[in-house]
Amino acid sequence: MPAHFTEEDFQIHRTLDSIPGNWSAKTEAPSNIALIKYWGKKGLQIPMNASLSFTLSRSKTVTQAEAVRSNSGSEKITFKFYFEGKRNKQFEKKIQIFFKRIEPYAPYLNHFEWTFRSKNTFPHSSGIASSASGFAALAKIIIQLEQYLFPGINRDFLAYKTSFLARLGSGSAARSTASGIQIWGKHESIPGSNDLYAIDFPFPLHPDFHQMHDWIFLLDTATKTVSSTRGHALIDNHPFKPGRIQSVKKQLDKLSIALQQGDTETFGQIIEEEALTLHALMMSSHPAYILMKPETLDMILKLWNFRKQTHAKLYFTLDAGANLHLIFPQKDLQNAIAFAKQFPEIKIIKDEIL
Ligand code: 2P0
């Protein structure tokens, strides 16, 4: 069972003997797709329920950081954030909140003036969660600096602290600092699982799940009408909240067993139920909203029909958006190609699980 760390463990009380004049780093972090969804939170980025995700291998954020020793002795971290070559004030606002939250855990950041340059390997507004990979990349940079300033800290500790910091930027980012299958949120039957940071799926994964694909069909690339942060907040007074908390636990248990036993059909059933439940929660929020598009429903129905005829192991999930993620094992690659032929005009991002 992985070691368990508390918020207190991640705080830094040591002072620095010397501060380097400048420091730079470059890192990248992957995006992830949740199969059991994080939807609803308590307090400061504590999930209402445990979630499980696949880490994507090609959809990444690449971030470069330059730090110059600050002489101003400022209480607040000073920084500039460039996204795809342009200064981005909207991201700067979010990152300012993030820096404030992580102050007790990374007080050394204040000694520098920062410039961040970030870009994604996936198209902008493709509906791939860029906040997950973006904050995960920032957290990795911060931990690289911590490692540089305080050499010799335990590697496992730092890996968990990376996820812990990323979570304080964006919940789903907690699952984007490592690879493979990640679990974030305390869950009875998953040893080591906890609300503060994500852990690796702790059981042996059946070989049938070793090489999975995620093809993202871009059905809508416009900015979301309701942000995920707002969506999470709408769960607070949601009439279905108690039912969701109960049922998602069972779904995670079933998925965990299916992943260990190689039960692809149960796997498919659970991930599709999860995707539809996520969107059903949105549609039954107050106020209600819909992020699916007619094309999303059309594709789901065509997928179900295709599966009935071919018995192909192709399944879908949805993020908080209209784009359909087609999840399938390597064995079904030819089936995925045949299914995609029905939609020649739709752009597909072909990713794999890392
Ligand atoms: C998830 N999503 O588990 C769920 C499913 C989208 C659909 O977490 O407010 O950007 O920054 O913690 O992580 C998207 O919400 O929300 C999300 P914040 P986040 O991936």
Side-chain angles (χ1 to χ4, degrees), residues 29-56 59 61 90-91 93-102 120 125-139 163-177 181-185 187 193 195-198 214 216 220 223-236 238 244-245 248 251-252 255 270-283 285 289-292 296 316-325 327 353:
S31 188
N32 73 78
I33 178 72
L35 301 180
I36 298 290
K37 313 290 184 183
Y38 148 57
W39 206 239
K41 53 180 152 182
K42 334 173 244 194
L44 193 56
Q45 300 291 95
I46 298 298
M48 185 180 87
N49 59 271
S51 57
L52 178 149
S53 61
F54 274 173
T55 312
L56 300 182
S59 306
T61 297
Q90 216 182 328
F91 287 169
K93 269 191 217 153
K94 286 189 188 172
I95 296 166
Q96 192 72 60
I97 296 168
F98 169 61
F99 281 152
K100 186 83 205 123
R101 285 179 184 167
I102 65 168
N120 291 340
S125 306
S126 61
I128 298 177
S130 62
S131 70
S133 51
F135 279 107
L138 277 181
S163 169
F164 171 84
L165 293 180
R167 182 197 110 237
L168 291 169
S170 183
S172 50
R175 302 186 312 245
S176 265
T177 58
I181 299 179
Q182 292 292 307
I183 292 167
W184 167 47
H187 185 73
S193 62
D195 289 344
L196 299 183
Y197 51 88
D214 179 4
I216 306 150
D220 181 32
T223 310
K224 273 181 272 187
T225 48
V226 178
S227 74
S228 286
T229 302
R230 173 101 182 100
H232 285 290
L234 289 173
I235 295 297
D236 279 347
H238 199 292
R244 166 67 180 159
I245 292 172
V248 70
Q251 296 292 71
L252 179 49
L255 185 67
I270 301 292
I271 73 165
E272 293 190 352
E273 284 173 7
E274 266 296 296
L276 294 174
T277 301
L278 170 73
H279 284 258
L281 286 167
M282 295 172 186
M283 288 191 248
S285 286
Y289 63 107
I290 303 176
L291 295 184
M292 279 197 259
T296 317
F316 77 86
T317 188
L318 304 167
D319 213 335
N323 299 327
L324 189 124
H325 289 243
I327 309 280
I353 308 312

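For ligands, and for the atoms within them, numbers begin at 1 and follow the listed sequence.
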F316 and side-chain contact (heavy atoms from CB on, under 4.5 Å): which partner among I271, I327, T296, L324?
L324

Decide if atom CD1 of I290 counts as having more than 12 heavy atoms of other residues, nucleotides or ligands within a radius under 6.0 Å.
no

For S228, what residues pass the side chain to side chain donor-acceptor pair (under 3.5 Å) criterion, not counting sequence neighbours?
K224

d(I216 CD1, I33 CD1) to nearest 0.5 Å is 7.0 Å

Which protein residues have a heavy atom closer than 4.0 Å to any atom of ligand 1, listed by chain and number?
A34, K37, Y38, W39, K41, Q45, S131, S170, G171, S172, R175, S228, T229, H232, L278, D319, A320

Is the H232 ring parallel, tilted or perpendicular to the W39 ring (thresholds 30°, 60°)?
tilted

Tell me whether E273 is salt-bridged to K37, with the criterion being a basic N under 4.0 Å from an acidic carboxylate O.
no

